[in-house]
Structures are given as C-alpha cells and as structure tokens.
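These notes are about the structure you will find just below.
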Amino acid sequence: MSDQALQVLREKISAVDEQLLALISERRTLTNDVAETKIAHHIPVRDQKREEQLLISLIKKGKALGLDPHYVTQLFHVIIEDSVLNQQAMLAERANPGSALPLNRVAFLGDKGSYSYLATQKYFSRRPGELLELGCQSFSEVVHKVENGEADYAVLPIENTTSGSINEVYDQLQHTELSIIGELTHPIRHTLLTATTTSLEKIKTLYAHPQVFTQCSHFLAELGNVEVKTMDSTSSAMLMVSELQRDDVAAIGSEAGGNLYGLIAIKSNLANQKENHSRFIVVARQAVSVPLQIPAKTTLVMSTVQKPGSLVEALTVLKNNNINMTKLESRPMPGNPWEEMFYLDVEGNVADGPVQNALAALKDITRYIKVLGCYPSEEISPTKVAAASALAE
Ligand SMILES: C=C(O[C@@H]1C=C(C(=O)O)C=C[C@H]1O)C(=O)O
C-alpha cells in the first residue's frame, strides 16, 4: 500500500473516531438527563434489567454487523459504567448542597504522573469545578494538608490487588478527624521507563516507590544484579530518571505518567498479577450524606473487648442485619501491644436502617467504634447477560 493510500485510510479512521466521541458525549448528555428524572422521582440510579435488555439487543445488532458478542459486551460495560458513575456523582452532589466547589484543592502522594495523581484526575473529572493538584512527599503530609485547610480533599491509596492493604494509610486514618467521602479503583500498569532508547540488559539501577517493588517482586527477582533504589513516590522516581538521562537507569511507573517526563516505556506489565488495581479513598473535613438511590459503602474502625469470640460476635451483628462486609483489616494499636484496631468496609448507608441497627448493637459490644465515612460505592459490577439470550438469533 502506498503511503498516500495509508494516509487516506487513516484520515477516514480518525473521522470515524471523532464521530464515535461525539456520539459517546451525546449518550452521556442523555444519561445525565435520565439522572435528573431519577432525582426528581427518587428512582435508584442502577437498573440492571434495563442494562441487560440493552446488552442483549446490542449483541444481536452487533452480530448482524459482524461484531463479536464479547467485544460488544466489553465495550458497553465500559460505557455503562461511565454513565452509572456520572449519574451517581450528580446525585451525590445534589444530596450535599454547597459541596461543589469552584476549585477543588486536592492533596495526593507524589507529583504529576504518580498513580495517586492519575487517580485524582480520574475522580475529579466527573465532578464540577477546577482541580488544583497539591503533590506531597508523604501520606502524613497529604492528610495534614486537608486537616489544616490547605487542601479540600486528599486522595489516598488504601489497597492493591497484588500487595494488599497499604498499612501506612490505615495508620493515618487512626489519628484523623477527616471523613471518607468517596472511593475509586484505578488500574495500576507498572512499566519500565527510561530516558533514552536503551534495553533491559543495560539497566543497572532501578528507582521506584516501595509499593511498586512489592507488586513487581517476580520481575525484580529475574533481573539479577540491578541496584534497587526506593523513592518517596513514583513521580520522584520518574523525575530522577529524566534528570539523569542515562541508558543504565530506569524507573517503574505508569506509561501515562512517564510521558509527562518524556520517558520511554521499554517493558510493560511488570506486576506479579496481570490484573493489578488499586483502590483509593477520598477524604475531606466534612462527612457527606449519600442518597439512598445509589449504593453506598460505610467504613468503620473499632476495637473489641479482649475476650474469646469478641470479633465473631461483632461480625455476627453484621450478619444479623444482612450487611455484606467487603473488607476487614486489622492494625496494631500504638502503645497497646498485641491489641488490634479493626477496619471494616460494609455495603450500606449510615442513613439506612440496617447500618443504624448494626451500629447501635456494635456500640454495646465493642470498646471503641467510629464511622470513618459513608460514601458512594464506585464498584460497578458489570451486568451479566445469560449466554443463551446473548447468542439467540
Ligand atoms: C441511563 C440509565 O441509568 C443507568 C445506566 C444505563 C445506561 O448507561 O444505559 C442503563 C441503566 C441504568 O443502570 C437508565 O436508567 O436508563
């Protein structure tokens, strides 16, 4: 194919892509209008029956156009997730009048390009107001900035699908009066980034955040004698490599972050597990109320009395109130050796009967209990379509 023919085809593809974007944006406007109706009539945001009907119809129509059912399903799962998250954000904002700020000052670990920076951008892209990014050197600085009013929000990674809980962040939650007001998950795609076109064999020094080394331990074990240097954040690792401009040093970070520092991705998918995601929490000085039309999560911290079965007893309270627990973490209590603080994420809204009943019962049987926050759940499970309906002609 001549260069010119290729150019013509690519221009056509770009034009189609532009139309796709315009249509996606039009769909978003329509789904936001649907949210207005849901606000006015107190209807739940999620309607999985409607999603299923939509998917079945799209799969059939896609098949007629030669498109694979799995491809169509995947595509529309992403589109529907976006629509549900946007509607949830709209409802949450309306339920908290005055909460929308013209400027959102947000503290996070690292600088431009860190995973926390990317998560911050994602979370606030659905919310009104400008974003002012306040990069910090440590998690305690991130939390402090919100406590002392320099920032309105903090975005903190709390757990990762490969390395588990981020203990330092849990420990920050023990000592703060801030409330969790939101959550989000973000894919963490670790990539080897260099300042020059070089090869893996030449790398002698590797810069990254300690969490990254934990998540990429299998890759590091295969590397042999490469010196590993820990940095405060992924972005400081990337900055270091871009300043050194050497062919024997590399950073591990996201490709998108590396682009901001002019770095080249020489190897991707470095995490031990292919599906590597981090869950972030968003904290603020004021708690928010979550409308009952959207799924909520509540995070609690508690310490139980020191007697056999006291944790089981506490968890039984959740069971009796039909509350699903999505996470349980224990952390040592400073100054009280061998005593633990338990952090629990449960599905449910503090304004709703089951969580209120459970809290009342837990107060009677725990030594200490506090609600760290109730916030919209951003875990949007994709609607499944029964194979038979999807494949029916
Ligand atoms: C847009 C709506 O809200 C949600 C999003 C949907 C979508 O993006 O198509 C479908 C059903 C709902 O879960 C709706 O109810 O129609």
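In each ligand, atom 1 is the first atom listed, and ligand 1 is the first ligand listed. Residues: numbered from 1 along the sequence shown.
- Nearest heavy-atom pair across Thr234 and Ile252 is CG2-O, 3.6 Å.
- Not a single heavy atom of Thr383 lies less than 4.0 angstrom from ligand 1.
- For atom 9 (O) of ligand 1, the nearest protein heavy atom (residue, atom name, distance) is Arg27 NH2, 2.8 Å.
- Those atoms of ligand 1 with a heavy atom of Leu54 less than 4.0 angstrom away are 9 (O).
- Atom 1 (C) of ligand 1 has Gln87 NE2, 3.4 Å as its closest protein atom, hydrogens excluded (heavy atom only).
- If you number the atoms of ligand 1 from 1 as listed, the ones under 4.0 Å from a heavy atom of Arg46 come out as 13 (O).
- Using modelled atom types and a 3.5 Å distance limit, the side chains of Ser199 and Glu201 yield a donor-acceptor pair.
- The protein atom (non-hydrogen) at minimum distance from atom 5 (C) of ligand 1 is Ser83 OG, 3.3 Å.
- With respect to atom 10 (C) of ligand 1, the closest heavy atom belonging to the protein is Glu51 CG, 3.6 Å.
- Listed by number with element, the atoms of ligand 1 under 4.0 Å from a non-hydrogen atom of Val45 are 3 (O), 4 (C), 12 (C), 13 (O).
- Of the candidates Gln4, Glu11, Arg10, Glu11 is the only one forming a side-chain hydrogen bond (donor to acceptor under 3.5 Å, both in side chains) with Gln7.
- Taking the six-membered ring where the residue is Trp, the centroids of Tyr153 and Tyr123 are separated by 6.0 Å or more.
- Side-chain polar atoms of Ser233 and Ser235 form a donor-acceptor pair below 3.5 angstrom.
- Using bins of under 30°, 30° to 60° and over 60° for the plane-to-plane angle, the ring pair Tyr115/His190 lands in the perpendicular bin.
- In the model, Tyr117 has a side-chain atom that pairs as donor or acceptor with a side-chain atom of Gln121 under 3.5 Å.
- The single protein non-hydrogen atom nearest to atom 3 (O) of ligand 1 is Lys38 NZ, 2.8 Å, given as residue, atom name and distance.
- Neither the backbone nor the side chain of Ile79 comes within 4.0 Å of ligand 1, counting heavy atoms alone.
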